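Here the structure is a predicted model, which is why all the values come from computation and not from measurement.
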Amino acid sequence: MNSTLQKQPILEVNSLQVEYPVNNSGGFRRKNKPAVIDVSFKIFPGECFAIVGESGCGKSSIIEAILGFVQAKRGSILFEKQDLLKLSPWSFRKLRPLIQPVFQDYNQALNPRMRIGDIFKETLPVHLRDSQTDQLLASAGLSREILNYFPHQLSGGQKQRVVLARALSVNPTLLLLDEPVTSQDLSVAVQIVELLISLRKTNNLTFLLVSHNLSIVQLLADRVAVMKNGQFLEQQPLAQLLSDPRHNYTKTIINQTVAP
Ligand SMILES: Nc1ncnc2c1ncn2[C@@H]1O[C@H](COP(=O)(O)OP(=O)(O)OP(=O)(O)O)[C@@H](O)[C@H]1O
Ligand SMILES: [Mg+2]
């Protein structure tokens with residue numbers, strides 16, 4: 001995708017800082033440990049921007065700050081030109097459905113006591129339920145049968161498809177994909193990646209993808225940021241990152257990556 005043609009980013013994160021309190025028993029001052037340090041990036045409509053980096057580098061903290069699950073210490077997060085960090089709770093709630101997260105742990109994302117049909121009913125307006133449920137199932141490659149199933153009766157890949165279909169049920173524009181395919185075996189992972197590629201096209205979606213796995217990232221991303229210890233080391237279009245990595249750490253990641 002040529003981002004120069006798309007002047008307005010859908011998401012713009014500027015100098016984001018996220019910190020967590022440290023348990024320092026006995027100390028007088030409360031200490032904080034930074035997890036995200038001065039991170040800035042833009043995502044343009046229709047693009048997949050990926051953040052790759054080792055476990056604990058701060059990837060999920062960025063997603064959690066966008067969703068308001070953790071409070072950012074500094075910075076701004078502009079979504080459709082509004083700073084999510086400054087919005088009133090009411091305005092935030094109105095915008096928030098446009099941003100849907102898909103987390104790594106689909107077992108936690110689905111209520112084990114609800115049938116899949118009821119899980120969909122929760123988010124769909126009554127008059128559209130039947131038609132939209134059929135449409136969502138079809139787009140996620142699921143059969144109608146599973147509506148009567150409980151989550152534990154589905155395979156890992158099916159559960160992840162349900163999570164994706166549910167995220168799409170509220171017509172989001174931006175999906176935040178936090179390690180969306182790591183929990184499955186390779187063949188299922190490839191299917192989920194293919195599903196994400198087709199959903200992005202058919203639903204005009206924009207993706208923020210975070211993963212420790214460059215093999216997955218390179219199947220989906222248009223641009224990639226490399227993150228280490230809370231900071232972005234570099235961000236480049238995918239092809240350029242692979243052919244001309246600036247940092248030794250990026251080179252290490254590339255060398256460790258098996259070609260897809
Ligand atoms: N709620 C929390 N309280 C305290 N520290 C936290 C909290 N959440 C994350 N951290 C710390 O912040 C740092 C970044 O964590 P984060 O979950 O953002 O990393 P990550 O890149 O998503 O890792 P992974 O690839 O394992 O999911 C880590 O050192 C982690 O221990
Ligand atoms: Mg994480």
Side-chain angles (χ1 to χ4, degrees), residues 1-18 35-53 57-88 91-103 164 167-168 170-180 196-197 199-211 214 216-227 230-242 244 246 250:
M1 202 209 63
N2 187 349
S3 56
T4 53
L5 295 176
Q6 312 269 351
K7 278 174 238 104
Q8 291 296 335
I10 188 168
L11 186 81
E12 181 173 346
V13 171
N14 293 303
S15 305
L16 182 68
Q17 182 102 1
V18 176
V36 177
I37 303 163
D38 199 25
V39 158
S40 302
F41 60 94
K42 291 177 184 172
I43 311 182
F44 294 89
E47 136 177 276
C48 174
F49 181 79
I51 303 171
V52 66
C57 72
K59 305 179 297 293
S60 298
S61 297
I62 294 176
I63 286 187
E64 283 165 17
I66 296 169
L67 295 169
F69 293 172
V70 297
Q71 214 184 342
K73 170 88 177 167
R74 266 197 299 280
S76 61
I77 301 174
L78 304 174
F79 177 70
E80 304 209 330
K81 293 177 242 164
Q82 303 188 67
D83 188 349
L84 299 182
L85 303 181
K86 294 212 178 94
L87 285 181
S88 67
S91 307
F92 184 72
R93 266 203 303 278
K94 245 179 61 179
L95 265 188
R96 177 57 182 78
L98 295 173
I99 309 174
Q100 285 298 315
V102 175
F103 290 112
L164 272 169
L168 297 180
V170 290
N171 293 319
T173 53
L174 176 65
L175 286 196
L176 308 179
L177 304 165
D178 192 338
E179 303 279 8
L196 286 168
I197 291 170
L199 288 176
R200 176 153 74 116
K201 255 190 236 150
T202 49
N203 294 272
N204 288 325
L205 293 167
T206 304
F207 287 171
L208 170 58
L209 165 70
V210 315
S211 179
L214 186 59
I216 298 296
V217 163
Q218 64 185 339
L219 294 174
L220 280 160
D222 297 299
R223 287 186 303 121
V224 183
V226 178
M227 189 172 191
Q231 289 175 300
F232 277 8
L233 299 181
E234 62 178 307
Q235 45 181 306
Q236 299 212 57
L238 175 69
Q240 212 168 316
L241 185 96
L242 296 175
D244 184 22
R246 300 286 148 87
T250 310

**Request:** For a side chain to side chain contact (heavy atoms under 4.5 Å, CB included) with Ile99, tell me which candidate from Ile10, Leu84, Val170 qualifies.
**Result:**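 When Ile10, Leu84, Val170 are each tested with Ile99, the side chain to side chain contact (heavy atoms under 4.5 Å, CB included) holds only for Leu84.
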Exercise answer: donor-acceptor pairs, residues 235-242 side-chain atoms, under 3.5 Å, sequence neighbours excluded:
residue : atom : partner : partner atom : Å
Gln235  : NE2  : Ser40   : O            : 2.9
Gln236  : OE1  : Gln240  : NE2          : 3.1
Gln236  : NE2  : Glu234  : OE1          : 2.9
Gln236  : NE2  : Asp244  : O            : 3.1

Nearest heavy-atom neighbours spanning [X] and [Y]:
X: Ile197; Y: Leu219; value: CD1-O, 3.8 Å
X: Leu85; Y: Ala72; value: CD1-CB, 3.8 Å
X: Phe49; Y: Ala225; value: CZ-CB, 3.7 Å
X: Leu209; Y: Cys48; value: CB-SG, 4.1 Å
X: Arg223; Y: Phe44; value: NH2-CD1, 3.9 Å
X: Leu214; Y: Val52; value: N-CG2, 4.0 Å

Look at the side chain of [X] and the backbone N and O of [Y], then say whether any donor-acceptor pair between them is shorter than 3.5 Å.
X: Thr206; Y: Gly46; result: yes
X: Lys42; Y: Val13; result: no
X: Arg200; Y: Phe207; result: no

Heavy-atom distance under 4.5 Å between the side chains of [X] and [Y], does that happen here?
X: Arg93; Y: Ser91; value: no
X: Ile66; Y: Leu16; value: no
X: Val210; Y: Leu177; value: no
X: Ile51; Y: Leu208; value: yes
X: Glu12; Y: Ile43; value: no
X: Gln17; Y: Val36; value: no

Find the distance between [atom1] ([X]) and [atom2] ([Y]) and round it off to the nearest 0.5 Å.
X: Lys73; Y: Gln71; atom1: NZ; atom2: CD; answer: 9.5 Å
X: Asn171; Y: Leu98; atom1: CG; atom2: CG; answer: 9.0 Å
X: Leu87; Y: Ile77; atom1: CG; atom2: CD1; answer: 10.5 Å
X: Asn14; Y: Arg74; atom1: CG; atom2: CZ; answer: 13.5 Å
X: Ile37; Y: Gln231; atom1: CD1; atom2: CD; answer: 4.5 Å
X: Leu176; Y: Leu11; atom1: CG; atom2: CG; answer: 8.0 Å

**Prompt:** Can you list every pair that meets salt bridge (charged side-chain N to carboxylate O under 4.0 Å, His left out) and has a residue in residues 76-86, with sequence neighbours left out?
**Reply:**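 Non-adjacent pairs meeting salt bridge (charged side-chain N to carboxylate O under 4.0 Å, His left out): Asp83-Lys86.
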**Item:** Steps toward side chain to side chain contact (heavy atoms under 4.5 Å, CB included) verdict (Asn203, Leu168)
**Value:** CA-CA 9 Å; Asn203 294 272; Leu168 297 180; 4.3 Å; yes
**Request:** Output all residues satisfying ring-ring contact (aromatic ring centres under 6.0 Å, His included) with Phe232, sequence neighbours left out; order by chain, then residue number.
**Result:**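 So Phe232 forms a ring-ring contact (aromatic ring centres under 6.0 Å, His included) with Phe41.
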**Request:** Apply side chain to side chain contact (heavy atoms under 4.5 Å, CB included) to Val217 and Val224, showing your working.
**Result:** CA-CA 8 Å; Val217 163; Val224 183; 3.9 Å; yes
Please list, chain by chain and in numerical order, all residues satisfying side chain to side chain contact (heavy atoms under 4.5 Å, CB included) with [X], sequence neighbours excluded.
X: Ser60; value: Glu64, Asp178
X: Ala167; value: Gln100, Val102, Leu175
X: Asp38; value: Ser15

